[in-house]
Amino acid sequence: MATQTTTLPRPGSGTRSSVPKSPAPTSALPNPPLSNRKTSSIASLKSLKRPTSFASLKEESDKTNRLSTQSERNVAGSSRVLSHPPNSPLGPGGSGVAGNRRASALIPASPVIPAPRKSSLNPKGRFPLNVSNLKKKEEGLGVSLSPEDSVPPPSPPLSRSSSQLGHHLEAPTMDSSSGSRSPSALGGEEGGKGNVLVSVRVRPAGDSGKESPEWTIDSSKSLVRYNGKEGGDYYLDNVFAPRDSNVRVYESCCKRLVRRVMEGYHGTVFAYGMTGTGKTFSMQGTSENPGVIPLAVTDVFSFIRETPHREFLLRVSYLEIYNEKIHDLLSPALNSGNGIFGQQVEEIKLREDSKRGVYATPLKEEIVQSPTQLLRVIARGDLARKTGSTQFNARSSRSHAVVQIVVESRERIIGGGAPLDGKQGGNAIGGVRVSTLSLIDLAGSERAAENKERRQEGAHINKSLLTLGNVIARLSQARDGKDKDHLPYRDSKLTRLLQPALSGSSLISILCTMSSSTDANQAESLNTLKFAGRAKNNIVSHAKKAEEALVTDAGSKVLLERYRHEIAELRGQLELQAKAQMETQEQEAQRHEEQMIEIQLARTALKERIDHLNRLILSSKSSGVNTTTGNGRNSTLLSARSSTYSTAPGPGPQAVPRTFSQSTFASIGPPPEFLPSDPGSDDSAGEYGDGSATLAAQVKALQADNADKSRYIATLEKRLLQARRASQSRTSLGLANSPRMSGTGEEGSLASILREKDSEIANLRAQLDDKERMVAALRSSARKRELADLKVLKVRTKSIDDLLSSKRRASTNPMSPPTKSSSDDIAGQTVPEDEEELLLVKPLNISVRRTPVPPARVSSQSLVARKKASVMSLPDMPEPITA
Ligand SMILES: Nc1ncnc2c1ncn2[C@@H]1O[C@H](COP(=O)(O)OP(=O)(O)OP(=O)(O)O)[C@@H](O)[C@H]1O
């Protein structure tokens, strides 16, 4: 059972170093190549591994000092350990491996008592040894601690202590855009180690095993101690005991990195370890115990929520490297989403450019807007990932899986405007910052399997892991200027993909998983620890916050800017459309209004026409054409007209053709003696029923008709004026808004309506003139007749007087000759032609020869005909304009 204690490291064990050591030749784990191994002094390493005792402490200390010097020259890791500033965020002596711890512990003359300091990735400034522990240690070493002792010695200029950059990201990190730069951005006087975290997680023993007593896991000291052969103490940034949850793991080694990524740094987290030791468990977790990926996703969105002044766009890709081939786990070809996996059509290659670094292409990227959506995408990729059963894991990941979340962010623009020209409201605005978070679950190293497929997979896995180990092992040399150009990144797709992170351009957190169970392979666990030690010592990150860049390239990968452009364009289009729609609506409204006016006009005209026709009928009645005499007898105008030509004498007085004068008198109020003697006769059909007798009445009717028409014309003119005004305003509006609208069919139809109206008015005017002429003619004719009537009356009176006097004379003188009958006298008289019918006045009871149709009567007929024609020719009502 692995113990988790807070005991001081045993002096002897403390001397064990995890500085890059020769890999166990039998191990499948990647180890530095021999050439690398040569860089360490084998003798030194051996000495370091040799257990020390309290008795030999002084001697050991001296040796260590010598070793340190040697290490500084030969073993980068060791030398750097000694240069760790005490305020390392990763603990005294930096993080590290046992060698680091040993270094500080074995130099009693200058004990390093670091003050806890936060690192960019380890905010707690994890300090594996607390002061009391240190004191105990110092006591044990025979060294006393004073406050001064805790003051860190100055760091050497090229120190690569894991702690040295620890404060860089804690110190106010200036945006490059603001002009000033953070120490981290400069690489810092202390190097870039604070941006690298290496942690070890020990999984609980499974059913088949139990915790081996050979292991001591001390989380509080971030220590893993192997008590067996080749044993040693391994101090790392974090050591998680079997009982530690995924949340604890995430909080300690990933949370800060994730938030840094959101601020604009590139960040990489990867899990490394033997098969079945909990890499996938740590990265993905379970529903009850969510792993790094889901917790990171949650944090990403929390950060977005907490940062209202910036806007973000997230895109995610998911690939696996299986048998040295890259597969797109989100590709529909590979992953139909229903558990059926096809064959990827296009080969995915790795490319590199100065802006994006190393990237896989073509790779599907999905834009995600919520944690759920992002997790769903990842879960879809997980389904497509290759898994298989191995000796140590029933569902072993057979590929390296890389989830990459690209974070684009920019200052939020108040009002959401589109800063196409890079300016907003006169203030220059920043560009888009792009950073990436890579979450990698490596396949587990394993010994050769019996199954051929597993063997083949295992070979690829081991080869790539070996390359990874080699690259990491050589990093220190490369930094020292040696072998710089020969880092074997290209030896595997994994190292090629990890190149930007390993070469220092991103923050990096490595979680090494191992098992302390009795049934686990101890050698593999040791190799994992060695890998962790090398990574801790050798990887240096000078990660800088990504620059905010204005993207002008339309084909740019920076979607936020592209979308911003697109949004601006679409907004413009939308505005244009809205404007056009408004114009159309306005035009529609105008047209509708005009239609309403037209319909109203048409209705009014129809109504007026109906009224007019009604009035015509009524005025005919009231004017006496259809004489309504005191006895209430009526006839229609038409019957009156037809009776005009009725010459067939009927029996009795009714047979006597009526004369014009009868009606005339009736209408103009003739003296009672001129009224028909037979009130029972149908005078409407009489001789004056032909209309000629109602000249005055017709004059009146025509006058009324004229007045009606004048009113009608006035109304039409008024409406026309309104329509013209509306049309003019619409035309001017249409011309102002849209020059294209002029000269349309609508305009033409309006013009034609106007022309129609004009011609209609002209017609009506002509008719009016006709009527007026007719009225004048009728008036003069009526006047003449009245004069004639008066003359006739005078003559009659005179002849009657003469007759009476002659009769009187005859009665007084019997010798005088007989006189003619009065009727003969009258018949013998010459009567002006146009006065002849007046002689037929019934009250006089004088029969007079009927003359041919007098001109007045003819003109009356024509008048009636013309009136009829005028009624018939009343302008048609305008048809309503339909939409
Ligand atoms: N810390 C842990 N606590 C509880 N169970 C764990 C832990 N670590 C691993 N396991 C369990 O061990 C088994 C193997 O774990 P996992 O698949 O994560 O290993 P791995 O390192 O990813 O293996 P491989 O490299 O073969 O994919 C799983 O059933 C997992 O639930």
Side-chain angles (χ1 to χ4, degrees), residues 2 4 27-30 199-211 215 217 219 224 238-254 269-295 320-323 329 381-403 439-449 451 453-465 468 494 510-517 519-521 524-525 527-529 531-532:
Q4 295 168 32
S27 170
L29 268 177
S199 314
V200 167
R201 182 178 200 184
V202 183
R203 63 152 291 175
D207 296 340
S208 57
K210 55 181 184 165
E211 303 291 346
W215 292 98
I217 311 300
S219 295
V224 180
N238 301 286
V239 170
F240 302 105
R243 64 166 182 274
D244 286 332
S245 67
N246 277 338
V247 172
R248 165 121 207 269
V249 171
Y250 172 76
E251 296 274 333
S252 303
C253 63
C254 302
V269 177
F270 70 81
Y272 174 99
M274 190 195 152
T275 178
T277 50
K279 294 182 296 297
T280 308
F281 180 82
S282 301
M283 294 306 288
Q284 293 182 2
T286 61
S287 51
E288 305 83 46
N289 198 355
V292 166
I293 293 173
L295 293 171
E320 70 171 357
I321 304 171
Y322 177 70
N323 287 351
L329 294 176
D382 286 338
L383 274 179
R385 193 180 169 191
K386 306 281 182 308
T387 56
S389 173
T390 64
Q391 187 190 346
F392 293 97
N393 191 355
R395 196 171 183 277
S396 173
S397 311
R398 310 311 296 152
S399 63
H400 309 302
V402 182
V403 172
L439 303 168
I440 305 168
D441 179 12
L442 296 182
S445 59
E446 59 183 4
R447 292 184 178 282
N451 178 307
E453 192 186 1
R454 291 288 96 82
R455 252 205 321 275
Q456 193 192 6
E457 290 166 355
H460 284 293
I461 293 168
N462 289 342
K463 183 176 174 263
S464 60
L465 292 175
L468 178 63
L494 175 66
I510 302 171
L511 180 65
C512 296
T513 57
M514 57 169 277
S515 171
S516 60
S517 170
D519 60 353
N521 187 315
E524 291 286 9
S525 296
N527 279 332
T528 301
L529 285 173
F531 174 88

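Index from 1, following the sequence. Being a predicted model, the structure only gives us computed values, none of them experimental. Counting starts at 1 for both ligands and their atoms, following the listed order.
- Taking any N or O of Leu442, backbone or side chain, none lies under 3.5 Å from an N or O belonging to ligand 1.
- Using a 4.0 Å heavy-atom cutoff, Gly273 is absent from the residues neighbouring ligand 1.
- Ligand 1 has a nitrogen or oxygen under 3.5 angstrom from a nitrogen or oxygen of Thr275.
- At under 3.5 Å, a nitrogen or oxygen of Phe281, whether backbone or side chain, sits near a nitrogen or oxygen of ligand 1.
- Considering backbone and side-chain atoms together, Thr277 places an N or O closer than 3.5 Å to an N or O of ligand 1.
- Heavy-atom distances between Met274 and ligand 1 reach below 4.0 Å in at least one pair.
- In this structure, a donor-acceptor pair under 3.5 Å is present between the side chains of Asp382 and Gln284.
- For ligand 1, the atoms sitting less than 4.0 Å from at least one non-hydrogen atom of Pro204 are 1 (N), 2 (C), 3 (N), 4 (C), 7 (C), numbered in the order shown with element in parentheses.
- Residue Gly444 approaches ligand 1 through these ligand atoms, each under 4.0 Å from one of its heavy atoms: 25 (O).
- Legend: residues meeting side chain to side chain contact (heavy atoms under 4.5 Å, CB included) with Asn323, ordered by chain and number and at least two apart, are Gln456, Glu457, His460.
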Evaluation steps, side chain to side chain contact (heavy atoms under 4.5 Å, CB included), between Arg203 and Thr513: CA-CA 7 Å; Arg203 63 152 291 175; Thr513 57; over 6 Å; no

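- Counting only heavy atoms from C-beta outward, the side chains of Phe270 and Leu468 approach each other to under 4.5 Å.
- Residues Val247 and Leu295 are in side-chain contact: their nearest non-hydrogen atoms beyond the backbone lie under 4.5 Å apart.
- Under the 4.0 angstrom criterion for non-hydrogen atoms, Gln284 is not in contact with ligand 1.
- Of all atoms in ligand 1, listed by their number and element, those nearer than 4.0 Å to a heavy atom of Lys279 are 18 (O), 19 (O), 20 (P), 21 (O), 22 (O), 23 (O), 24 (P), 25 (O).
- Counting only heavy atoms from C-beta outward, the side chains of Ile461 and His400 approach each other to under 4.5 Å.
- Without hydrogens or angle criteria, Asn246 side chain to Phe281 main chain gives a donor-acceptor distance under 3.5 Å.
- Here's the thing with Thr513: none of its N/O atoms is less than 3.5 angstrom from an N/O atom of ligand 1.
- Annotation: Ser282 places no N or O atom under 3.5 Å from an N or O atom of ligand 1; distance criterion only.
- Side chain of Arg201 to backbone of Asp244: a donor-acceptor contact under 3.5 angstrom is found.
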